[in-house]
Amino acid sequence: MNPRLLEERPADPPIGYKIAHPMLSRDLTRAGFLGVALGGREPYSVLDDAHCAYGHRHRVPSRRCDCGFHALNSRASALGLTCTAEHRTAVLLEVAVLGVYLRYELGFRYARQRVRTMTVGCCPCLGRTTLLADAGWGRPGWHALEAACGGCVRGRMALTLSDFARIAGQGLSVLRAGQIARTPAGC
Ligand SMILES: [Zn+2]
Ligand SMILES: [Zn+2]
């Protein structure tokens, strides 16, 4: 570690915010999250360790690589990411930043994280979200999920928010909010 840099040793882990897509394994036994940027190839669990996204065998985070978990300092900045078309159906995660971390002006890059809460926005129709439904895409062995109201599920594979929390395990809380990239009213 560079001795000129300030080392932090907080009593409690820093809290970060990020967006991700909720994912459910095809056999319905595992639930996790898929990141939206670098590292968004493999879903991660509620409590998980980062691995180098380029397959290098160094410790994460490394100053010579940009891999690792990423999170922002502010909830508002993370929510801002859901304004782009491709991230409209992403959920907001509040995470505990664990293990070694590097702090940046806007957030953190780090080795290990625990997702504490997942906040789900409105159904795309702006109706009240009651379920997480198959979003129509995924990764090998995994379905991506998106918020849905009862009327918009239309026969898709779906599960309740509490079922998602139970399958994900590790104390995850799942909340519903009407404020992710949508009008705050109505859901
Ligand atoms: Zn790396
Ligand atoms: Zn709907």
Side-chain angles (χ1 to χ4, degrees), residues 1-2 5 14 16 18-24 32-45 47-72 79 82-92 95 97-104 106-113 118-139 143-165 174-187:
M1 187 67 70
N2 187 328
L5 295 173
K18 63 200 295 180
I19 63 170
H21 295 284
M23 307 290 287
L24 184 67
F33 310 93
L34 190 71
V36 298
L38 179 73
R41 285 178 294 191
E42 293 274 332
Y44 54 85
S45 303
L47 179 63
D48 218 336
D49 294 293
H51 303 286
C52 181
Y54 307 103
H56 299 311
R57 290 194 194 170
H58 61 71
R59 300 212 347 202
V60 177
S62 164
R63 292 186 189 281
R64 278 174 276 182
C65 194
D66 59 1
C67 64
F69 285 126
H70 292 71
L72 295 163
L79 275 176
T82 64
C83 293
T84 65
E86 67 269 34
H87 299 154
R88 285 281 167 125
T89 61
V91 298
L92 176 71
V95 302
V97 173
L98 306 174
V100 177
Y101 62 85
L102 298 173
R103 186 190 280 281
Y104 294 92
L106 297 177
F108 308 91
R109 184 159 63 85
Y110 52 101
R112 182 171 169 81
Q113 84 182 356
M118 162 174 129
T119 305
V120 182
C122 297
C123 178
C125 78
L126 302 185
R128 186 169 188 270
T129 293
T130 54
L131 296 162
L132 290 167
D134 184 356
W137 60 277
R139 287 290 182 271
H143 295 288
L145 304 175
E146 64 182 18
C149 70
C152 290
V153 171
R154 298 183 203 284
R156 286 181 288 166
M157 183 277 290
L159 73 171
T160 63
L161 305 186
S162 56
D163 278 342
F164 183 89
V174 179
L175 308 175
R176 178 179 13 226
Q179 298 183 323
I180 297 184
R182 303 280 178 191
T183 165
C187 73

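In listed order, ligands and their atoms are each counted from 1.
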With a cut-off of 2.8 Å, does C67 place any N/O/S atom under that distance from the Zn ion (ligand 1)?
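Yes, C67 qualifies, because one of its backbone or side-chain N, O or S atoms lies under 2.8 Å.
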
With rounding to 10 degrees, what does the angle C125:SG / the Zn ion (ligand 2) / C152:SG come to?
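For SG of C125 and SG of C152, the angle centred on the Zn ion (ligand 2) reads 110°.
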
Please note down the angle at the Zn ion (ligand 2) between SG of C149 and SG of C123, to the nearest 10°.
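The SG/SG angle about the Zn ion (ligand 2) sits at 120°.
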
Quick one: report the N, O or S atom of H58 that is nearest to the Zn ion (ligand 1).
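The closest N, O or S atom of H58 to the Zn ion (ligand 1) is NE2.
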
I19 CD1 to H87 NE2 distance, which is reported to the nearest 0.5 Å
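So the CD1 of I19 and the NE2 of H87 are separated by 5.0 Å.
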
Inter-residue atom distance L161.CG - L159.CG, 0.5 Å rounding
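The distance works out to 8.0 Å.
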
Once you measure the plane-to-plane angle for H56 and Y54, does it fall in the parallel (<30°), tilted (30-60°) or perpendicular (>60°) bin?
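Rings of H56 and Y54: tilted, 30 to 60°.
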
Specify whether F69 and Y110 have parallel, tilted or perpendicular ring planes, treating 30° as the upper limit for parallel and 60° as the lower limit for perpendicular.
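F69 and Y110: tilted rings.
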
